[in-house]
Participant: 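This structure is in structure tokens; I'll ask about it shortly.
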Amino acid sequence: MSWSKYDESYFLFSCIAMMLALAPLPWNFRSWNVGIPCIGVYTAMSCLINIVNHIVWANNDYDSFPVWCDITSKLLVGLPIGLSAAALCVARRLYICLGPSRSPLKAQMRKAFHFDFFFAVGVPLFVTGPLYTLVRGWRYEIVFDRGCLPAPHEDLGSHLLIHGWPVLLGTAALVYGGLALRAFVTYDEDIENIAAPNVPALDRSHVIGLVGLATATAVLGMPPAICRIFMDMSSGDVIRWIPWDYERIYQPVVLFTFTETKELHAINGLFSWIPNIIGLVYFLSLSLVQEDQPEHPPTPPTIEEKAMHQA
């Protein structure tokens, strides 16, 4: 196997981005903001898939790992949607904390957690499962030098049910991010009084880091979807609807291999760096967030202390 300097650099940066995305997770899982750890997990999974595809399918397009292709071809449908949905959750949570209502975080914690979990986890699963099955053309595609990819039919149905989600969710995340920034400027003086007890206070580093993370994740997730829709519309086949065929999708011998054109290979190669960039932005953004929560939670008062307090 002979790798070029581009291949070696991509492999190295993908490994670094995956480690950077996983590094802050122990702290993030202790928080109630579902969107932040989801961005890290989805980014690390995307980097891992790209690393394995990069190694196994270097300079070939053989069907050498069918089980891996069956799994990752579905994950690659949901991961971009999950990143955009998680960015929306982060931006929306910031707006709730900084907006005009300024509802106490502790009072809305459980409700916001359920909403964020539905969007950051439920929406990608729903799209990857039933929606992708409706527009799936065959088991998977194997692209020379890139590996296994999803195989939806490039028709109106795939754009409405699959490719449109990152654009829709990313736009909503940008709107909430803009509203959060506006609230941040308007209510800058009272930011540290917003958080509820036992929850780390929101300071300027929190707001700047999380708004930057949500904005970058949303912006970076939209170009691949927009480019794919634009290319299919330019070909004139976007209005074509291909009916669902169970035998075509699940026939074990059915797959599709092809070699990309030079222009398409360059575009997809550029887009393959997006998870690496998100991993770097994720680590840098969270490095701005200073954890004000004490290492050991306060112990509950004893019976004697309660009696003295009541007296």
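Keep in mind that the numbers below use all heavy atoms, side chains included, and drop hydrogens, waters and symmetry copies.
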Participant: Take atom CZ of Phe271 as the centre, draw a 6.0 Å sphere, and report whether it contains more than 12 heavy atoms from other residues, nucleotides or ligands.
Facilitator: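 Check passes, neighbour count above 12.
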
Participant: Classify the angle between the aromatic ring planes of His54 and Tyr10 as parallel (below 30°), tilted (30 to 60°) or perpendicular (above 60°).
Facilitator: tilted

Participant: About how many Å separate OH of Tyr140 and SG of Cys69, when rounded to the nearest 0.5 Å?
Facilitator: 5.0 Å

Participant: Compare every heavy atom of Pro224 with every heavy atom of Ile274, then report the nearest pair and how far apart it is.
Facilitator: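 Shortest heavy-atom separation between Ile274 and Pro224 comes out as CD1-CG, 3.5 Å.
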
Participant: Is it the case that one hydrophobic cluster holds both Leu83 and Val211, taking links as side-chain heavy atoms less than 4.5 Å apart, direct or via other members?
Facilitator: yes

Participant: Say whether Leu169 and Leu179 are linked into one hydrophobic cluster, either directly or through other cluster members, by side-chain heavy-atom distances under 4.5 angstrom.
Facilitator: yes

Participant: To the closest 0.5 Å, what do you measure between CD1 (Ile162) and CZ (Arg136)?
Facilitator: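 Between atom CD1 of Ile162 and atom CZ of Arg136 there are 11.0 Å.
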
Participant: Determine the minimum heavy-atom distance between Cys38 and Ala120, stating which atoms define it.
Facilitator: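 Here Cys38 and Ala120 meet closest at SG-CB, 3.8 Å.
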
Participant: Return the minimal non-hydrogen interatomic distance between Asn50 and Ser272, and the atom names on each side.
Facilitator: ND2-O, 3.8 Å

Participant: Can you spot which of Ile49, Thr128, Leu48 makes a side chain to side chain contact (heavy atoms under 4.5 Å, CB included) with Leu75?
Facilitator: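 Going through Ile49, Thr128, Leu48 one by one, the side chain to side chain contact (heavy atoms under 4.5 Å, CB included) with Leu75 is satisfied by Ile49 alone.
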
Participant: Begin with the C-alpha distance, continue with both residues' side-chain angles, and end with the deciding distance and a verdict on ring pair (Phe, Tyr, Trp, His ring centres under 6.0 Å) for Tyr62 and Trp57.
Facilitator: CA-CA 7 Å; Tyr62 304 130; Trp57 282 276; 10.0 Å; no

Participant: How far apart are the closest heavy atoms of Ala17 and Pro275, and which atoms are they?
Facilitator: CB-O, 4.4 Å

Participant: Applying the 4.5 Å side-chain criterion to the ILVMFWY set and letting contacts propagate, would Val143 and Ile71 be lumped into a single cluster?
Facilitator: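 Yes, Val143 and Ile71 fall within the same hydrophobic cluster.
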
Participant: Should Arg92 and Phe115 be marked as a side chain to side chain contact (heavy atoms under 4.5 Å, CB included) after you check the CA-CA gap, both sets of side-chain angles, and the distance that decides it?
Facilitator: CA-CA 10 Å; Arg92 178 181 173 272; Phe115 179 89; 3.1 Å; yes

Participant: Starting at CH2 of Trp273, measure out to CG of Leu280 and round the result to the nearest 0.5 Å.
Facilitator: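 These two atoms lie 11.0 Å from each other.
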
Participant: So do Leu131 and Trp165 actually touch side chain to side chain, heavy atoms under 4.5 Å?
Facilitator: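 Of all side-chain heavy-atom pairs linking Leu131 with Trp165, at least one is under 4.5 Å.
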
Participant: Take Cys47 and Asn276 through the side chain to side chain contact (heavy atoms under 4.5 Å, CB included) test and state the conclusion after the steps.
Facilitator: CA-CA 7 Å; Cys47 292; Asn276 301 345; 3.6 Å; yes

Participant: Tell me whether the count of non-hydrogen atoms from other residues, nucleotides or ligands lying under 6.0 Å of OH in Tyr132 goes above 12.
Facilitator: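 Count over threshold, so yes.
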
Participant: Distance from Phe184 atom CZ to Leu210 atom CG, nearest 0.5 Å?
Facilitator: 11.5 Å

Participant: Applying the 4.5 Å side-chain criterion to the ILVMFWY set and letting contacts propagate, would Met18 and Tyr42 be lumped into a single cluster?
Facilitator: yes

Participant: Roughly how far, to the nearest 0.5 Å, is CD1 of Ile142 from OG of Ser64?
Facilitator: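 So the OG of Ser64 and the CD1 of Ile142 are separated by 7.0 Å.
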
Participant: Is the positively charged end of Arg182 above the ring of Tyr95, judged by distance under 6.0 angstrom from the centroid and angle within 45° of the axis?
Facilitator: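 Because its charged atom misses either the 6.0 Å distance or the 45° angle limit, Arg182 does not stack over Tyr95.
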
Participant: Could you pull out the closest heavy-atom pair between Gly40 and Leu25, with the gap in Å?
Facilitator: CA-CD2, 4.3 Å

Participant: What is the distance from atom NZ of Lys74 to atom OG1 of Thr133, rounded to the nearest 0.5 Å?
Facilitator: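 Spacing of NZ (Lys74) from OG1 (Thr133) equals 7.5 Å.
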
Participant: Kindly determine whether Ile51 and Cys15 satisfy side chain to side chain contact (heavy atoms under 4.5 Å, CB included), including the steps that lead there.
Facilitator: CA-CA 7 Å; Ile51 291 172; Cys15 293; 3.7 Å; yes

Participant: Can you establish whether the number of heavy atoms outside Tyr282 located under 6.0 Å from its atom OH is more than 12?
Facilitator: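 Yes.
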
Participant: Is Leu220 reachable from Ile226 through a run of I, L, V, M, F, W or Y residues, each pair having side-chain heavy atoms under 4.5 Å apart?
Facilitator: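 No, Ile226 does not connect to Leu220 through the hydrophobic network.
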
Participant: Check Glu141 against Ala151 and note the closest heavy-atom contact, atom names and distance.
Facilitator: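 Minimum heavy-atom contact is CG-CB, 3.7 Å.
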
Participant: Parallel, tilted or perpendicular: which describes the rings of Phe117 and Phe113, with under 30° parallel and over 60° perpendicular?
Facilitator: parallel

